[in-house]
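Positions are given from 1 along the sequence. Side chains included, hydrogens not; waters and symmetry mates left out as well; all remaining heavy atoms used. Whatever order the structure lists ligands and atoms in, that order sets their numbers, starting from 1.
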Amino acid sequence: MKVAILGFGTVGVGVYEMLENCAGLEPGPVLVRPGKEDKPFKVSSMEAIVNDPEVYAVAEVMGGIEPANSYVAMALEAGKHVVTSNKALVAAHGIELAELARRKGVSFLFSAACGGGVPFLHNLAIAAQSDKILSLGGILNGTTNFMLDAMQAEGKDYGDVLKQAQALGYAEADPTADVSGLDALRKIMLACAVAYDKLPVDGFSREGIESITAADVADFQARGLTCRLITSGGPAGASVYAYVEPVLFPANAPECSVVKNFNMAKYNGENAGAIVLLGQGAGRYPTASAVVRDLCGLGSLEMFRPACVKVRANNAGCVHPYYVRVDADKAGRFSFRECRADGDSVRGVVEPIAVPQMHKLANDIRQEGGSIFFAAVEA
Ligand code: HSE
């Protein structure tokens with residue numbers, strides 16, 4: 001059965017190669033930009049794909065919201081199954097696309113949009129049918145994990161490790177999405193939708209790793225702590241909590257051993273207990289493997305169920321102590337448990353504070369032109 005591929009970049013090439021060696025499936029036409037049809041299998045017309053009766057499914061790996069959204073809708077309308085790695089698309093239009101797929105009796109799956117090669121959404125979708133998911137999240141961005149690991153383990157510079165992550169094909173086309181936490185946020189949005197039938201679309205708290213300095217790394221390493229960018233989600237009354245922020249872990253925490261481009265996706269089931277999935281979260285073949293895995297399971301799984309609705313996230317009940325480095329003249333806004341002066345800054349650990357409150361304090365300070373780094377402290 002033929003699978004058309006939309007996009008022939010890092011992931012598209014990987015999907016094509018995997019399909020050449022996949023029992024029961026084979027690569028079909030590949031959609032590229034006009035003028036780039038340098039091989040017979042490359043086409044630049046979406047109509048040619050949707051009108052091809054031999055095309056059974058479409059793998060959308062082009063990224064971005066448009067024209068990906070229109071093309072996916074065209075494929076579903078034409079009765080083709082669709083698998084995508086595009087988290088921006090699924091976060092923005094996934095509920096509507098899943099509804100269209102349901103009407104047409106085809107699948108719309110997106111494992112590769114969350115966790116790269118780690119089969120997180122796939123397992124979560126199955127677990128959510130039989131168990132109560134108490135919480136979920138973990139390390140869901142390979143680029144920032146690679147960067148933090150290299151900065152901490154090898155003392156490398158932020159700019160250098162970002163370039164390296166881009167060269168290795170881990171980062172998004174615009175790596176701001178990775179370092180700002182937006183990519184990880186989209187992934188936790190999708191995980192909440194799959195687990196709770198609630199897609200949080202606003203009310204988030206999001207902090208990436210853009211503010212981290214070599215001095216911050218040196219200081220929390222001296223404290224025996226390791227930084228990771230962590231996503232957190234779970235039920236919150238009629239809504240869900242969903243946020244992304246750096247977290248500092250003690251040396252014995254499993255997160256400290258998650259290195260390079262790896263992800264560590266977690267959920268906690270009422271009956272299953274804690275489930276941890278570890279694997280490469282970014283890169284050509286890990287991500288392509290998730291796309292092909294979905295293609296092999298078409299018809300047997302639903303990721304966005306009919307009950308799925310959009311909600312406003314509610315993080316007010318999530319409270320942590322935080323490590324804070326802030327301009328000395330702003331330090332009075334925090335209730336430090338312990339702190340020390342460091343040049344023009346003050347650094348230390350503040351008393352537990354609600355996630356939205358911490359993020360708002362940081363945003364206010366930045367809007368005033370001030371400088372701050374913060375990370376939750378895991379006991
Ligand atoms: N840019 C993403 C990451 C790719 O680094 O995790 C995989 O979703």
Sub-4.0 Å heavy-atom environment of ligand 1, residues by chain
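Those residues closer than 4.0 Å to ligand 1 by some heavy atom are K87, N141, G142, T143, Y170, A171, E172, D178, D183, K187, G281, A282.
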So with a 6.0 Å cut-off around CG of N51, is the heavy-atom count from everything else above 12?
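Yes, the 6.0 Å shell around CG holds more than 12 heavy atoms from other groups.
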Rounded to the nearest 0.5 Å, what separation is found between the CD1 atom of I95 and the SG atom of C308?
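That separation rounds to 4.0 Å.
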Answer yes if the side chains of T84 and N86 hold a donor-acceptor pair under 3.5 Å, and no otherwise.
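Note: T84 and N86 side chains miss the donor-acceptor criterion.
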Closest heavy-atom pair and its distance - G203, R312
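Result for this residue pair: N-NH1, 3.5 Å.
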Suppose we screen for salt bridge (charged side-chain N to carboxylate O under 4.0 Å, His left out). Which residues come up paired with E154, at least two apart in sequence or across chains?
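Partners of E154 by the salt bridge (charged side-chain N to carboxylate O under 4.0 Å, His left out) criterion, ordered by chain and then number, come out as K156.
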K163 with D157: basic N within carboxylate O range, under 4.0 Å:
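Salt bridge flag = no for D157 with K163.
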